[in-house]
Amino acid sequence: TGASSYTWTAPAGCSITANTGTSITMSIPAGFVSGTLSVVANNSCGASVARTLALSGIPAAPASITGPTSVCASAAGLTYSTPVVSGVSTYTWTVPTGASITTGAGTSAITVKWGTVAGSVTVKAGNSCGTNATARSLAVGLAACREAMADATISKAEIRVYPNPG
């Protein structure tokens, strides 16, 4: 009450594209992470204390994924991780068909039981504003692995040659 104008200040990198005095429209650049929007009410007696609002955007795509890039079919206990990023509250991982995340879903590190096909491990970063549409990906191939012969039985081979030399 009593304000004759308002002075708005956009966060760094953002720009005010429309200003009606009591409301604004703001352009936010791709990759915006966080900043503070402020407004001051003005009248003939001076200016008010600034009112501020902390803003956050959708987090950037994860920087990288580390983990094995060549695995044996059906291998278990494989760990994949991405560096923790400030402002990220959830990580969305995907693994190839047949593989499964055994622990760590939603966090920056997962443990995987691999399936029988090659494919990619991917991760997206998210927060309360949404999930970044860009996923980081790591291609994983199948290695030529020998399977352990557990409980294998080898039979005695018998060879007979005819005619039997005397």
Item to complete: Take Val112 and Thr102 through the test side chain to side chain contact (heavy atoms under 4.5 Å, CB included) and record every step on the way to the result.
Response: CA-CA 5 Å; Val112 175; Thr102 54; 5.9 Å; no
Worksheet item: Per the side chain to side chain contact (heavy atoms under 4.5 Å, CB included) rule, which among Leu78, Ile101, Thr122 passes with Val95?
Response: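 Of the listed residues Leu78, Ile101, Thr122, the side chain to side chain contact (heavy atoms under 4.5 Å, CB included) partner of Val95 is Ile101.
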Same apolar cluster: [X] and [Y], side chain cutoff 4.5 Å:
X      : Y     : result
Leu55  : Val85 : no
Ile16  : Leu53 : yes
Leu138 : Val84 : yes

Looking only at non-hydrogen atoms, find the nearest pair between [X] and [Y] and report the distance.
X      : Y      : answer
Ser81  : Ala109 : CB-CB, 3.8 Å
Val88  : Pro59  : CG2-CB, 3.6 Å
Ser137 : Ser120 : OG-CB, 3.4 Å
Pro11  : Met26  : CD-SD, 3.6 Å
Val121 : Ile65  : O-CD1, 3.4 Å
Leu37  : Thr9   : CD1-O, 3.4 Å

Would the distance check show the side chain of [X] and the main-chain N or O of [Y] forming a donor-acceptor pair, the cut-off being under 3.5 Å?
X      : Y      : answer
Arg136 : Ala63  : yes
Thr79  : Thr111 : no
Ser38  : Thr52  : no
Trp93  : Tyr80  : no
Asn127 : Gly87  : yes
Thr107 : Gly104 : yes

Heavy-atom check, side chain of [X] versus side chain of [Y], under 4.5 Å:
X      : Y      : answer
Ser64  : Pro83  : yes
Thr103 : Ile110 : no
Leu142 : Val71  : yes
Trp114 : Pro96  : yes
Ser74  : Lys113 : yes
Tyr6   : Val40  : no

Worksheet item: Can Ser4 and Asn42 be counted as having a side-chain donor-acceptor contact under 3.5 angstrom?
Response: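 Checked: Ser4/Asn42 side chains show no N/O donor-acceptor pair below 3.5 Å.
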